[in-house]
There are 2 protein chains.
Amino acid sequence: MLQFTKSTEYGLIGLVHLADRRGEVVSVREIAGTYKISRRHLGESLKALCRAGLLKSQRGVHGGYRLALEPEQVALSTIVAALEGEPALTSCETDHAESAGCHVEPHCPIRSPIQRIRQGLWRQMEQTSLRALIDEPLALPGAPSPIEHLNLFPRGN
Amino acid sequence: MLQFTKSTEYGLIGLVHLADRRGEVVSVREIAGTYKISRRHLGESLKALCRAGLLKSQRGVHGGYRLALEPEQVALSTIVAALEGEPALTSCETDHAESAGCHVEPHCPIRSPIQRIRQGLWRQMEQTSLRALIDEPLALPGAPSPIEHLNLFPRGN
DNA sequence: GGATATGGCACTAAAATGATGCTGTTTCCG
DNA sequence: CGGAAACAGCATCATTTTAGTGCCATATCC
Ligand code: SF4
Ligand code: SF4
């Protein structure tokens with residue numbers, strides 16, 4: 001349905017929260033409590049981000065997580081890839097080639113164009129840093145694009 | 001999982017096929033046969049596109065579908081909206097406000113930035129016409145944008 | 001050594017999607 | 001006229017994906 005998973009949402013919330021308190025080690029309990037979300041589920045997301053190297057963990061009684069990198073260095077694409085994989089858009093693009101998947105592939109009329117769309121989306125995420133997610137000036141639609149340091153659509157616009 | 005549904009894929013295949021044979025009335029049977037996909041499922045997608053006004057149908061023994069508009073006039077966003085709805089990305093953006101959904105909403109740190117991402121994706125689809133899907137010269141981003149007029153989907157949300 | 005944290009899976013429940021069934025209506029054509 | 005072929009509109013079932021928990025191990029502080 002062209003939607004982020006909850007895991008991704010939780011991970012993003014956690015990342016933003018951790019970015020706000022950079023340097024500190026913050027526990028899952030605290031973050032989940034702040035936003036009233038499932039402690040366990042948030043924990044799973046942060047675990048995944050930790051495995052992906054975006055976070056560093058500290059165990060033990062005063063344990064928790066902290067950012068492994070500066071917010072400017074983390075691309076949204078990396079986050080999403082860690083939490084729900086790269087977007088595929090069509091079934092023939094999935095990692096495990098799924099040869100059994102699609103009979104159309106040899107002469108599929110939409111494969112290539114859709115890949116272009118996907119690349120555009122991916123590029124947009126690559127060019128959006130965690131920093132950009134943080135200092136969000138509540139931009140409204142219609143206003144000139146608030147995204148300065150990234151040019152999403154080189155065509156027209 | 002950030003992926004188009006099969007219904008959308010089928011619909012797109014049908015549209016591209018119909019665009020190739022503009023003016024003619026082509027049956028679901030023929031299209032499904034060409035690409036070896038489920039006749040029924042393709043039928044459902046084309047029905048939906050017909051209800052959305054993108055196709056015109058002709059019943060009866062030599063019936064089928066044909067484009068209701070020129071390929072230049074129909075935006076990918078319109079197609080996707082007809083087949084799987086507008087992308088929401090997060091659960092708080094779904095149409096039926098789902099008040100019960102998210103406790104975070106009042107002070108959600110990621111809501112607004114994610115909406116920006118969604119708008120960018122949507123805009124990309126708005127600016128991609130069916131025509132652009134057809135004559136796919138493996139264009140790289142930077143190509144001239146094909147669609148100027150007709151925004152069939154004045155989004156409120 | 002106990003309390004509190006993360007680490008890593010496996011597992012169940014719920015939701016979305018994929019696919020099909022069924023009945024009706026329209027149109028052609030013999 | 002009457003049947004075949006095609007779309008129209010739902011309803012229904014099966015499959016896949018996602019959301020959410022369970023369980024136990026390990027690490028750290030006190
Ligand atoms: S080959 Fe075409 S129809 Fe098959 S999965 Fe890829 S995009 Fe879809
Ligand atoms: S308010 Fe924030 S956490 Fe809640 S659904 Fe929207 S984006 Fe996700």
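Every value quoted in this text rests on a predicted model; they were computed, and no experiment measured them. Below, read A as the first sequence line, B as the second, and so on, with proteins coming before strands; counting in each chain starts at 1.
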### Query
Would a distance-only check, ignoring hydrogens and angles, find a side-chain to backbone donor-acceptor pair under 3.5 Å from Thr78(A) to Val74(A)?
no
#### Entry: Ser57(A) side chain near dG7(C) phosphate (N/O to OP1/OP2, under 4.0 Å)
yes
### Task
List for me each residue that meets side-chain hydrogen bond (donor to acceptor under 3.5 Å, both in side chains) alongside Glu70(B), sequence neighbours excluded, and say none if there are none.
Arg22(B)
### Query
Within this structure, what is the CG-to-P distance between Leu46(A) and dA5(C), rounded to whole angstrom?
14 Å
### Query
How close or far is atom C1' of dT21(D) from atom CG of Leu42(A), stated in whole angstroms?
15 Å
### Pairs involving residues 48-68 of chain A, ordered by first then second residue, that meet salt bridge (charged side-chain N to carboxylate O under 4.0 Å, His left out) (sequence neighbours left out)
none
### Whole angstrom value for the distance that separates P of dG7(C) from CG of Leu49(A)
11 Å
### Task
For Ser45(B), enumerate each residue passing the side-chain hydrogen bond (donor to acceptor under 3.5 Å, both in side chains) test, keeping only those at least two apart in sequence or located in another chain.
none
#### Entry: Nearest atoms (heavy-atom pairs only) where Cys50(A) meets Ser57(A)
SG-CB, 3.7 Å
### Summary
Sequence neighbours excluded, the answer for side-chain contact (heavy atoms from CB on, under 4.5 Å) partners of Ala32(B) is Ile37(B), Arg39(B), Leu42(B)
### Query
Taking protein heavy atoms under 4.0 Å as touching, what does nucleotides 22-30 of chain C look like 5' to 3' if B marks base contact, S marks sugar-phosphate-only contact and - marks none?
B--BBBSS-
### Message
Please say yes or no: joined through hydrophobic side-chain contacts below 4.5 Å, possibly via intermediate residues, are Leu69(A) and Val80(A) part of one cluster?
### Response
yes
### Message
What is the distance, to the nearest angstrom, from the CD atom on Glu9(B) to the P atom on dA19(C)?
### Response
10 Å
### Under 4.0 angstrom between Arg51(A) side-chain N/O and dG7(C) OP1 or OP2
no
Under 3.5 Å, sequence neighbours excluded: what are the donor-acceptor pairs made by side chains of residues 24-31 of chain B?
unit_1, atom_1, unit_2, atom_2, d
Glu24(B), OE1, Arg21(B), NH2, 2.7
Ser27(B), OG, Glu30(B), N, 3.2
Glu30(B), OE2, Arg21(B), NH1, 2.1

### Query
For Glu126(A), which residues count as a side-chain hydrogen bond (donor to acceptor under 3.5 Å, both in side chains) partner, sequence neighbours excluded?
Trp122(A)
### Task
Determine, for nucleotides 13-20 of chain D in 5'-to-3' order, which nucleotides have protein heavy atoms under 4.0 Å from the base (write B), from only the sugar-phosphate (write S), or from neither (write -).
-----SSS
## Note on the structure
Separation between CE (Met125(A)) and CD1 (Ile117(B)), nearest 0.5 Å, reads 6.5 Å
### Message
Classify Gly43(B) by what it touches in the nucleic acid, base, sugar-phosphate, or nothing, heavy-atom distance under 4.0 Å.
### Response
nothing
### Query
What parts of residues 24-34 of chain B reach DNA chain D, counting only heavy atoms under 4.0 Å away?
Ser27(B), Val28(B), Arg29(B)
### Query
Is there any ring pair (Phe, Tyr, Trp, His ring centres under 6.0 Å) pair reaching into residues 37-59 of chain B, and which pairs are they, with sequence neighbours excluded?
Tyr10(B)-His41(B)
